[in-house]
Amino acid sequence: MLVELDVPKCVASGQCVMAAPDVFDQREDDGVAILLEEHPGDELLDEVREAVAICPAAAIRLAEQ
Amino acid sequence: MPDIPSCPVTGASESLPEYPLPRAAECPLAPAPAAQELRAGKPITKVRIWNGSTPWLITRHADQRALLPDPRVSDDDLDPGFPYVNAHRAEIAPVTPRLITNTDAPEHTRLRRTVNGPFVVRRIETMRAPIQKIVDDLIDDMLAGPNPIDLLKAFAFPLPSLVIAELLGVPYEDHDFFQRNSGVVLDGAVAPEVARKASGELAAYLDRLLTKKMTDPGEDVLSEMAGRVKAGEMTHTEAVHMGVAMLIAGHETTTTMISLGTLAFLQHPDQLALLREAEDPKVIANAVDEVLRYLTIVQTGVRRVAKDDIEIGDVVIRKGDGMIFDLHAANWDPEVFPEAECLDITRPARIHQAFGYGPHQCLGQNLARLELQVAYGALYRRIPTLRLAADLADLEFDHTGTTYGVKSLPVAW
């Protein structure tokens, strides 16, 4: 799977970190999301899907499954 | 000569529903029945508000998710089309500084990023042990005190301000002062001058504390803001205002979710039993989201204005039109939450919009979730016989505030 994060759109709500902590993290000073793993393993698909679904800025895209 | 169209154009607005829509007295925890009917029949439709203006009411979950992050959907409350919640909000809009609550991207993004540090998920998680201690102490006091008692006074009200005191770094010996004054500031029933005085004392206190943290910093939010003031990233006054704002924004909402959430669980003993017996923290976390969904306490709707024409479904929202997003209706949308009227802590609930959706989604949502996880996780376990000590019909609900709540919740055990 290929995950894309649109950093300028990120509003730093941390929802992706809550949903998929192995795939996303946050910058410490302002909370902006960091994509830890562009190609996470398939076992993380459900978590990534949830991150996509709950991101309030619609800043995460699952480009390839 | 063309036929005159038969659809009445003028006069049609006279029959528009008045928003906010009333709840049904017999279902005090459910959304307004009319909001549910509109969602099924006219999911994007005009309503009339207090000043006679007729913004759009958006009730479907999917439409809210499409519109709220749309850059044409604006939070600019200086726009003449903005559908203010009430006359007071309309009055203060022009004299309110531009904040995260009334700006759009890119300004909003910049402002939000400066205040977001304390709410980073990993940092919030470090608050779990201190919150657990606060919760345990409050329950100890409750068990040592009178029975029955008002759960609001004994537990739901003091918890959030103690947590904010901890987060800000208010020393323990000042907690009584902090608690007393925040109680007055947050009490809607006191005279405005009394509230102003308490708010002034609180701000003066935080001002002094901030100065102290400049030279003697700790591991807390006020110390961090002191660092930002020193670095010239924010002014001393902004830091004090942010401290007061954190207290106010995080208080009533959390209090209400504890009291109204407890009422919801007491009305659903099977769900309460599931929650009480849960060993897996994920079960408790999902229960919190399900109660957030079920109750959706923000009852004034999220207010926005269109900065351009927006086509959605078979309607066109015109530039300058106001929009109201009824979050409770969306969170009971059967297309997303089958049997939405059932409180079911095992359902996937995470996609609810109780904290709003889009760039303005609640800044403190992760802290709120943590407080509720700890509070629900401890209260019903330590007091397994907890029960309502009043008739549901005798409880008094607040239908006019930003958040729906219960004015007191007598409980016994």
Undergrad: For chain B, which candidate among A:E28, A:E50, A:Q15 shows the most heavy-atom pairs at distances under 4.5 Å?
TA: A:Q15
Undergrad: Quick check for you: among A:P21, A:C55, A:A57, A:A19, which has the greatest number of heavy-atom pairs under 4.5 Å with chain B?
TA: A:C55
Undergrad: In Å, rounded to the nearest 0.5 Å, how long is the span from OG1 of B:T109 to CG of A:D30?
TA: 11.0 Å
Undergrad: Restricting to non-hydrogen atoms, name the atom on A:A53 and the atom on B:I351 that form the minimum distance, rounded to 0.1 Å.
TA: CB-CD1, 4.0 Å
Undergrad: For the CZ atom of B:R369 and the CE atom of A:M18, what is their distance to the nearest 0.5 Å?
TA: 4.5 Å
Undergrad: Quick check for you: to the nearest 0.5 Å, what is the distance between B:Q353 atom CD and A:I54 atom CD1?
TA: 11.5 Å
Undergrad: Take atom CD of A:E43 as the centre, draw a 6.0 Å sphere, and report whether it contains more than 12 heavy atoms from other residues, nucleotides or ligands.
TA: yes
Undergrad: Can you confirm whether B:H236 is buried at NE2, in the sense that more than 12 heavy atoms of other residues, nucleotides or ligands lie under 6.0 Å from that atom?
TA: yes
Undergrad: Establish, from distance only, whether the side-chain atoms of A:Q26 and B:R123 form a donor-acceptor pair under 3.5 Å.
TA: no
Undergrad: What part of B:R112 gets within 4.5 angstrom of chain A, counting heavy atoms only: side chain, backbone, both, or neither?
TA: side chain
Undergrad: Can you check side chain to side chain contact (heavy atoms under 4.5 Å, CB included) on A:D25 and B:R122, steps first, answer last?
TA: CA-CA 9 Å; A:D25 200 354; B:R122 273 184 293 114; 3.1 Å; yes
Undergrad: Could you pull out the closest heavy-atom pair between B:R113 and A:C10, with the gap in Å?
TA: NH2-O, 3.0 Å
Undergrad: Given the options B:N366, B:L68, B:I124, which has more heavy-atom pairs under 4.5 Å with chain A than any of the others?
TA: B:N366
